[in-house]
Structures are given as C-alpha cells and as structure tokens.
Amino acid sequence: MKNKTLSYYVITVLVFSLFSSVLGSHHTSAAENNIREIGTVLNSVSVPAADYGKGPNGEDWVYAVANGSPAVFNVLDAKTGERVASFPLDGASGAWGVTVDPMGNVYIGTYSSASLFKYVPGANHVENLGNPIPGESFIWRIKSDEDGRIYGGTFPSGKVFQYNPATKKFRDYGQVKEGQQYARGLDIYKDKLYVGLGTQGANLVEVDIHTGEKVEIPLPDKYAKQTYIYDIDVIRNKMFARATGSSNTILVFDLKTMKIIDEIVGANGLDVSEPGPGNLVYFIKNEELYSYDLNSLKLTPTGFNNLFSARDFGWAKFENNKFPGKTLVSIAWDGKIRHYNPIMGNHQILQGQLSGQPVSIQSLTQGPNGNIFVGGYLSGGLAEYDFTTGQVTENKGLGQIEGMITHQNRLYMGIYPGGFLYSYNPTESYEMGINPVEHFSLKSEGQDRPFALESAGDLLAIGTVPDYGQLGGALTIFNPSTNDYTLHRNIVENQSVISLAYKDGLLYGGTSVWGGLGITPTENEAKLFVYNMHTGEKQFETIPVPGEKAISALTFDNDGNLWGLTSGILFKFDTTTNQVVETKELYQVNWDSISHLWREGFLQFDDGYLYGQVRGDIVKINPDTLEHEVLAEDTKLFAMDPDGNIYFARGTKLYQYDR
C-alpha cells in the first residue's frame with residue numbers, strides 16, 4: 001500500500017476530552033496575554049463521499065462533501081467541475097454518506113455529530129434533519145429506496161435507521177449484530193436492506209425494512225475472517241459486496257438465490273456504477289477502471305488507469321464528438337473529476353472547484369532544524385512553522401501523522417492507517433517518495449496507529465495501537481542504518497503502547513488498555529514496562545497507578561527520575577528501585593466516560609520545571625511541590641521550540657505561548 005492510499009480507509013475520530021475538573025490542587029488560572037494565534041497552517045480538499053444527479057433545469061451535477069471545520073457540501077457541474085453552489089454543514093467535520101432519492105433530492109449523512117442533511121436542487125440552503133439515533137457519532141453510507149425513504153448505518157453502536165420524509169420521523173432498527181460497532185455499507189433490494197459490518201470479522205446481514213427482522217447471510221470462511229464488508233451496491237438483481245482486510249475482493253451475489261456467483265480481487269472501491277451502454281457496470285480494480293458485463297460476468301480493462309477509489313459514479317450527457325452519448329463521471333478523494341466515454345474510450349481528468357478547507361491539527365513536534373512541524377487529521381499533510389521568521393510552509397502527500405519525533409537530524413513520522421513510518425530531511429527539497437521517504441508499514445503485523453516515537457541511541461523506538469477490532473499493540477525497534485526493524489507484539493498483553501521515554505540503554509513504555517476501535521478491552525489497568533535495548537527483551541513491568549487505564553506521557557528530569565502522566569494523575573518513578581515514589585491527582589477523571597484513550601497528555605522537562613498538556617490545559621508543574629500553573633486552556637497537543645516557547649492547537653489553528 002503506497003502513501004496515496006493512506007487516508008482512504010475507514011476513518012475514525014480520536015477522543016480528545018477537553019473538559020477540566022480541577023480538584024484539590026493549588027494552581028493559578030490561565031491568562032490569554034501570552035498566547036498568540038499563528039492561524040491555520042494546513043488546508044486540503046478531501047472528499048469522503050459524493051453522488052450524482054440533475055439540477056432543476058436538467059443540469060448534470062456532482063454532489064460532493066469536502067472535509068473541514070465545518071464540512072462543506074458542494075454542488076459541481078459534472079462537465080466542467082465548476083462550483084455551482086456550496087453550503088457549510090454546521091456541526092459536521094465530514095460525510096461518508098451522500099445519496100440522491102428518486103425525486104432528485106440529496107441527503108447527506110455526516111460525522112462527528114451524526115446529523116442527516118437534505119438539499120433540494122436549486123435551493124439556497126441545506127436543511128439539518130437532526131441526529132437519527134441519539135448517542136451515535138458517525139453516519140456511514142446512506143441509500144434511498146424507491147419511495148424516497150433514507151437508510152443509513154452508524155457508529156459506535158452498529159445500528160441502522162430509516163428516515164421517512166413523509167412523516168419526517170426516524171426509525172431505529174437497533175444494533176445489526178451484537179459486538180459489531182460499525183454498520184459500514186448498505187443498499188436496498190425490494191423490501192430488504194443489506195448491511196455490511198466489520199472489525200470483529202466481516203458480516204453481511206439482511207434487515208426487513210418493514211418488520212426489522214435481521215438474518216445473517218453466511219460468508220465463505222476466508223471472507224468472514226476479513227475486517228469489513230465495506231461497500232455494498234445493489235444493481236438490478238445482483239449485489240456487489242466488497243470485503244476488505246488482507247484483501248479487497250468484491251463478492252457478486254445473485255439476489256434471487258443469494259449465491260455468490262463471482263469473486264473480483266483487487267477492487268479499490270468505494271462503489272460500482274449503475275449500468276451504462278451494453279449492460280456494463282464500471283468500477284476500479286488494481287487502480288484501473290474496468291467494465292463488467294452483468295450477464296456474462298466478463299471483466300474488461302478500459303485503459304483508464306493510475307486511479308484509486310471512486311466516490312460513486314454517475315452518467316452524464318456531454319453531446320460532443322469526443323464524448324458522445326452517455327459519459328461516466330466520478331470524483332476522487334482529492335476532488336479530481338474523471339470522465340470516461342464507453343463509446344469512444346476517451347477519458348479525461350479535471351479538478352473540481354472545491355475550496356480548500358482548513359485541516360484540524362493531529363500532531364506537533366520540534367523538528368531537527370528547531371522549527372515546529374504540524375501533521376493534519378484525516379486529510380493529512382505536513383506543515384512547517386519557522387519559529388524565527390514566522391513563515392509557514394505547507395506540503396501535501398502524507399497521510400494522517402499520529403506521532404512525530406526528531407532522530408539523527410531527520411523528522412520521523414508514524415502514519416495511519418497501516419502503521420507506516422516515514423522520515424524527512426527538512427534541509428532538502430520536499431518530494432514525495434524521495435524526501436520524505438517511506439521505510440515500512442506494520443499493517444501485515446496487525447498494527448495501525450504509530451502514536452509513540454522515541455529516539456533511543458542510534459535506534460528509533462515506535463509504539464503502536466493495533467488495527468480495528470484487535471487487541472495487542474506493539475513495540476517496534478527500527479535501525480535507520482540498515483532500514484530493518486524488530487517488532488514485539490503484545491509486549492504488554494492485550495495493550496497498546498502509547499508513550500515512550502529512553503535513558504542509558506533502557507526504554508520505558510506506557511500502555512493503554514484500549515486496542516483498535518471496534519473491540520472491548522480485556523485488561524483493566526495500564527502498565528509501565530522497561531525494555532532493555534542491549535538484550536532486546538522486556539525486563540520489568542508494573543501497574544504504576546492502580547485503576548488508571550492509560551499512561552499518556554513519559555519524560556525524564558535532569559536527575560534521571562521518570563515522570564509519567566495517566567490522564568489526570570502525575571507520578572514520579574524511581575528507576576533505581578523501579579518504584580513509584582510520588583503521585584498527584586491534577587484532574588479528576590471518570591474513566592467510564594472515556595470511550596478510548598490513545599493519546600492525551602504530554603510532558604517535557606525544561607528549565608527546572610515540568611511543562612506539558614493535561615486534560616486540555618497547558619501546565620507548568622513544580623517537581624518539588626507538584627503544584628501546577630495553568631498557562632493556557634482549551635488546548636490540544638504540545639511542542640516546544642529551542643527558545644522555550646510552547647505550541648498547541650485549537651481545532652485547525654496553531655497557537656504559541658510565549659514564555
């Protein structure tokens with residue numbers, strides 16, 4: 001899997017709880033006078049979902065949602081890519097579900113507020129119809145039946161719903177299958193809803209839209225063991241269901257017999273087109289557009305290649321010599337619109353005129369040149385803030401950077417999905433594939449999110465969260481001189497490795513009881529472990545703070561004491577006796593209110609004090625008295641420049657606290 005695929009898989013929202021209940025701790029509150037807004041440093045066009053339809057005068061339109069804060073619903077001319085209209089989707093950061101009903105109305109299912117929106121072509125607004133199921137944060141794919149009722153799947157309860165525009169009411173069909181949190185793909189055939197589920201293996205379930213009765217459709221064992229049934233398209237009497245995980249295979253079902261009649265490997269997704277001339281449907285396989293005969297099941301490459309996944313397909317009439325009759329239209333993740341004419345075989349790509357949206361900040365660190373590097377959420381990207389000149393440089397191509405660190409004059413970046421490691425030399429020109437360079441992916445090892453990176457002598461240590469539906473993170477030791485790595489999965493049984501600190505040949509790691517999304521933890525308490533870099537073995541582990549479920553930060557002071565942070569509790573660890581010698585509750589935390597914690601706190605020792613981020617506050621802690629001062633509130637992430645100034649994020653904007 002190459003870098004351009006990094007952001008195309010199911011994407012989920014990390015929990016960064018920002019409420020701060022301060023208990024029994026002497027501190028002074030933050031003042032904003034030392035805080036300076038640097039502003040938005042990353043912008044991107046990223047389109048998770050789209051559909052196609054007609055304008056009020058028969059125009060051929062593309063309906064595409066661009067991620068952002070908020071997400072934006074765009075109406076584009078299918079022929080030219082020009083923007084006809086655009087509307088913010090208030091409260092939403094993106095949408096995986098867009099569908100057009102038989103009357104031409106457009107519905108949009110969003111995240112992270114899980115709202116359903118409606119757009120009537122030609123209208124000057126979108127209507128927010130509300131949250132179909134209270135408590136759900138994501139709406140995945142949505143589809144309309146022939147009567148205009150809308151159906152969608154949700155996360156985190158793996159439910160499906162119906163919206164009836166005649167009554168303006170929602171119906172909750174309940175959880176589709178116990179234990180499955182993701183109702184990812186769906187479509188309708190007659191009075192049956194077919195739902196694709198995943199993380200705890202792949203499931204396909206039939207739901208009666210009238211009675212709500214659920215019947216699981218057995219999958220061959222090799223597909224049941226995949227991660228998801230990710231996409232579902234019903235076309236005439238056939239269903240195309242794409243199983244994803246170690247492979248990407250479309251299973252073609254005959255809906256009259258419910259038998260699998262074909263298996264198409266290497267399918268990129270996300271959709272299969274409606275039939276065009278010659279009874280052919282189209283989809284992308286091995287990054288090339290293929291036609292598929294619904295009768296003979298014959299697959300034919302079109303020669304239109306170097307493509308990745310399509311956000312659905314539509315048919316438009318261009319009526320010119322190069323594109324006569326019907327032309328297939330699709331839009332890609334980056335907003336590029338593709339045209340393919342099956343009569344002539346002609347094809348072209350043009351950029352849809354979607355405005356770049358500000359990207360939420362996902363990661364921060366000081367780079368090898370002292371500048372502050374910034375990674376983007378979902379859309380990815382890497383920005384560099386020059387701390388001496390104030391100049392921002394924005395670079396494209398990298399996926400979602402979960403963690404970054406400077407090691408041997410290079411910036412190392414852990415990228416989701418797929419557990420990739422990249423490195424970048426900021427003194428040389430930025431060119432994807434050359435600088436930054438990809439070192440490896442840990443996807444085959446079941447690892448997905450590299451949050452923790454630590455320079456450990458000549459080697460680099462990486463702590464990861466496993467893939468969806470799995471427990472058991474890993475500690476990976478990478479040797480830059482040989483480009484080889486050694487991976488230790490379950491270095492702490494069934495826990496993820498989310499924080500690291502190194503001193504004198506020993507690597508200290510902190511864990512989280514949570515694994516990938518879609519599975520319940522089996523362990524109750526986070527652990528601290530010690531790994532010997534010389535012997536390559538774990539030599540000690542302990543529960544430093546009983547009852548705590550994650551250790552989000554570790555750092556050393558000048559005396560060699562290890563300091564750690566759970567979520568709200570600070571602890572001091574004596575590395576000579578391997579004992580916790582002090583603890584201090586800085587903030588009270590109700591673990592039952594936290595769905596998962598992979599990253600939250602940050603700690604750094606500087607100028608005789610501990611600085612960091614705790615429960616949304618930038619803090620300064622006196623290591624002798626453990627009293628803390630709040631320097632800034634409502635913050636995410638933490639980094640420090642060579643002058644000691646502190647950087648943090650608020651949504652899409654970067655801020656500096658001047659020390």
Side-chain angles (χ1 to χ4, degrees), residues 47-66 72-87 89 95 97-110 116-127 129 141-152 163 165-166 187-188 233-236 270-283 310-320 322-332 335-343 346-354:
V47 178
D51 207 351
Y52 307 80
K54 298 285 187 183
N57 299 310
E59 307 96 328
D60 289 307
W61 282 353
V62 180
Y63 302 116
V65 176
V72 175
F73 173 69
N74 294 271
V75 182
L76 307 176
D77 186 305
K79 299 181 183 69
T80 66
E82 293 177 359
R83 185 165 65 241
V84 177
S86 63
F87 306 96
L89 300 172
V98 180
T99 197
V100 177
D101 74 10
M103 287 68 73
N105 301 311
V106 187
Y107 290 84
I108 308 114
T110 67
L116 185 69
F117 290 81
K118 180 181 180 180
Y119 171 71
V120 178
N124 63 358
H125 68 286
V126 290
E127 180 186 0
L129 303 172
R141 307 300 291 279
I142 62 173
K143 294 288 175 72
S144 170
D145 67 17
E146 58 187 16
D147 296 320
R149 292 171 298 205
I150 305 301
Y151 301 83
Y163 173 72
D187 209 342
I188 301 129
D233 290 284
V234 170
I235 299 164
R236 295 183 181 159
L270 298 173
D271 294 282
V272 178
S273 80
E274 289 295 319
N279 203 43
L280 301 177
V281 298
Y282 292 81
F283 51 82
R311 270 55 188 155
D312 216 329
F313 295 89
W315 291 98
K317 286 196 173 181
F318 289 11
E319 303 300 353
N320 62 42
K322 285 191 170 183
F323 292 86
K326 287 185 173 181
T327 291
L328 186 69
V329 181
S330 69
I331 192 167
K336 288 186 170 65
I337 295 175
R338 304 139 167 183
H339 297 149
Y340 174 77
N341 187 270
I343 296 171
N346 292 326
H347 52 81
Q348 65 183 17
I349 297 177
L350 51 90
Q351 181 64 51
Q353 299 306 306
L354 300 92

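Since this is a predicted model, take the numbers as computed values, not measurements. Values below: every heavy atom of this structure, side chains too, minus hydrogens, waters and symmetry copies.
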What I'd like to find out is whether the side chain of [X] reaches to under 4.5 Å of the side chain of [Y], using heavy atoms alone.
| X | Y | answer |
| --- | --- | --- |
| Tyr107 | Tyr163 | yes |
| Phe318 | His339 | yes |
| Arg236 | Val281 | no |
| Tyr282 | Pro342 | yes |
| Val75 | Val106 | no |
| Lys322 | Asn341 | no |
| Pro165 | Arg149 | yes |

Could you tell me whether a side-chain N or O of [X] sits under 3.5 Å from a main-chain N or O of [Y], the two making a donor and an acceptor?
| X | Y | result |
| --- | --- | --- |
| Asp60 | Ala78 | no |
| Asp77 | Lys79 | yes |
| Arg338 | Ser330 | no |
| Tyr52 | Asp312 | yes |
| Arg311 | Ala64 | no |

To the nearest 0.5 Å, how far apart are CG in Asp233 and OG in Ser273?
9.0 Å
CZ of Phe313 to CD1 of Ile331: how many Å apart, nearest 0.5 Å?
12.5 Å
Determine whether more than 12 heavy atoms belonging to other residues, nucleotides or ligands lie under 6.0 Å from atom CD of Glu146.
no
Counting only heavy atoms not in Lys54, do more than 12 fall under 6.0 Å of its NZ?
yes
Tightest non-hydrogen contact, residues Ser86 and Asn74, listed as CB-OD1, 3.6 Å
Distance-only side-chain donor-acceptor flag, Asp145 / Tyr151, under 3.5 Å
yes
Side chain to side chain contact (heavy atoms under 4.5 Å, CB included), that's the test. Do Trp315 and Leu328 meet it? Break it down for me.
CA-CA 5 Å; Trp315 291 98; Leu328 186 69; 3.7 Å; yes
side-chain contact (heavy atoms from CB on, under 4.5 Å) partners for Val234, two or more places apart:
Asp187, Tyr189, Met239, Leu255
Considering only NZ, NE, NH1 and NH2 on the basic side and carboxylate oxygens on the acidic side, decide whether Asp51 and Lys143 come within less than 4.0 Å.
no
